[in-house]
Number of protein chains: 2
Amino acid sequence: MKHLPHKTIERLSQYRRALLICAAKGKTHIFSHEIAKIQHITPVQVRRDIMLIGYTGTLRKGYNIQELIDLIGDIIDTKEGLNVAVVGIGNLGRAMINYFNGKRTKLSIVAGFDSNPDKIDRIYSGVKGYHIDRLAEIIKEENISIAIITVPAGAAPEIADKLVNAGIKGILNYTPKPVQVPSHIYLEEYDMITSLEKVAFFVKTH
Amino acid sequence: MKHLPHKTIERLSQYRRALLICAAKGKTHIFSHEIAKIQHITPVQVRRDIMLIGYTGTLRKGYNIQELIDLIGDIIDTKEGLNVAVVGIGNLGRAMINYFNGKRTKLSIVAGFDSNPDKIDRIYSGVKGYHIDRLAEIIKEENISIAIITVPAGAAPEIADKLVNAGIKGILNYTPKPVQVPSHIYLEEYDMITSLEKVAFFVKTH
DNA sequence: AGCAAGTTGTGAAATAATTAACAATTTTTC
DNA sequence: GAAAAATTGTTAATTATTTCACAACTTGCT
């Protein structure tokens, strides 16, 4: 398999989530147009994505849900799973922890970090809070490879530097302030204000 | 001006945020490569975006920061501003409210909704909490045109229906469950799990 | 003044992503 | 059992987005 488009990766993750729900309902097969409907995309796109990962459905029966779930897992998960840290145990950090709590997934949030002493040594939905000064130590100890930055915007660049020095491999930055990291570290940034402004723009322009 | 690409809209929002910070520091002009560095993109892309909105810089001096901020405002803001509601006053909902609190912007979060009686009639960073049953009423009363869905995933479709019936114009869905809305309503969905899985994928594949 | 370096603006080229079109096949219907 | 309907898989076309390449010009330097 050559490399999959970024957009396809995102959709595969979403397909899998939808498929898990269908599987839980006892459904065994699904058509491309059913997946498409759920995800607001076209059936062709679904078929193309599935083609790209080399899976093949059955004519007039659609795709076997469990097989597809497993195959998507082979592609986007690692066998042993990856450990994740949340840096910034504010509302957003706790929201992330809650989202993951109890979900069966190959990604586990195993630590939270904050500079506020009140938040240290408490357990948030099963995730322990550590002081930010122990970042490097715990990242090594717990074999954490991904960090989610949910601190106040101003602190983001400094946190990013610390994460880089601690040997993190991927960063998901949820602050509105872009951070700079060396190119061997995968960085994804998402900014809620931008999303809201985008909605506003399209509402404005009908 | 013909229509701007979606991606350009997103970047304009981000440029503006970066520019506001620069302006606050007393800077008056900025080069395309400086903006590019901040946003992890190429200078050409910045220049092209700026070209698309019809602004023009000064050779060897770059762009006038304040003029550019104002122009971006003309494009993405509405004159009178738009009112926004947050549906679901959990961690994520409160995170959104805090993000916006105090920012000078044309978007104001003016109401929060929740089904938990403990959350009603309290004020969250200046935003009042209402019971979900009053959704349609308050949306009309406060002239709310955009809603952010931050309820638990299972409740999302039902909330979306209520919002549609209440006459909302745009929806930003932060639950991992896609919702269905009529095509005249602008819908943007963002799923944190997908983003994290995407980071994991690229970490895995180096 | 003349040259070097830096910067914008933009047509053209390249790349990425989506959609159209349709052959091939299976199932259903009569 | 033939015709109609439905569905996948895929090539080709289209559309969207990014990048290249470079002319035009400004500023600084000698």
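Just so it is clear: chains get the letters A, B, ... in the order the sequence lines come, proteins before strands, and each one is counted from 1.
- Following rounding to the nearest Å, Ile9(A) (CD1) and dA17(C) (P) show an atom-to-atom distance of 11 Å.
- What separates CD1 of Ile53(B) from P of dT10(C) is a distance of 13 Å, to the nearest Å.
- The shortest side-chain heavy-atom distance between Ser125(A) and Ile109(A) does not fall under the 4.5 Å cut-off.
- If you measure from atom NE2 of His29(A) to atom P of dT26(C), you get 15 Å, rounded to the nearest angstrom.
- Ring geometry for Tyr186(A) against His6(A) counts as tilted: the plane angle lies between 30° and 60°, on a 0 to 90° scale.
- Checked options Ile146(A), Leu107(A), Leu82(A); the residue passing with Val199(B) is Ile146(A) (criterion: side chain to side chain contact (heavy atoms under 4.5 Å, CB included)).
- What separates CG of Leu59(B) from C1' of dC25(D) is a distance of 5 Å, to the nearest Å.
- Atom CZ of Phe31(B) and atom P of dG9(C) are 12 Å apart (whole Å).
- Relative orientation of the Tyr63(A) and Tyr55(A) rings is tilted, given thresholds of 30° and 60° on the angle between their planes.
- Atom CZ of Arg60(A) and atom P of dT7(D) are 6 Å apart (whole Å).
- With respect to Lys27(B) and Glu34(B), a salt bridge is recorded, a charged nitrogen being found less than 4.0 Å from a carboxylate O.
- Following rounding to the nearest Å, Glu34(B) (CD) and dT7(C) (C1') show an atom-to-atom distance of 12 Å.
- Legend: residues meeting side chain to side chain contact (heavy atoms under 4.5 Å, CB included) with Leu135(A), ordered by chain and number and at least two apart, are Val87(A), Phe113(A), Ile139(A), Lys162(A), Leu163(A).
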* To do: Determine, for nucleotides 9-19 of chain D in 5'-to-3' order, which nucleotides have protein heavy atoms under 4.0 Å from the base (write B), from only the sugar-phosphate (write S), or from neither (write -).
  => BBBB----SBB
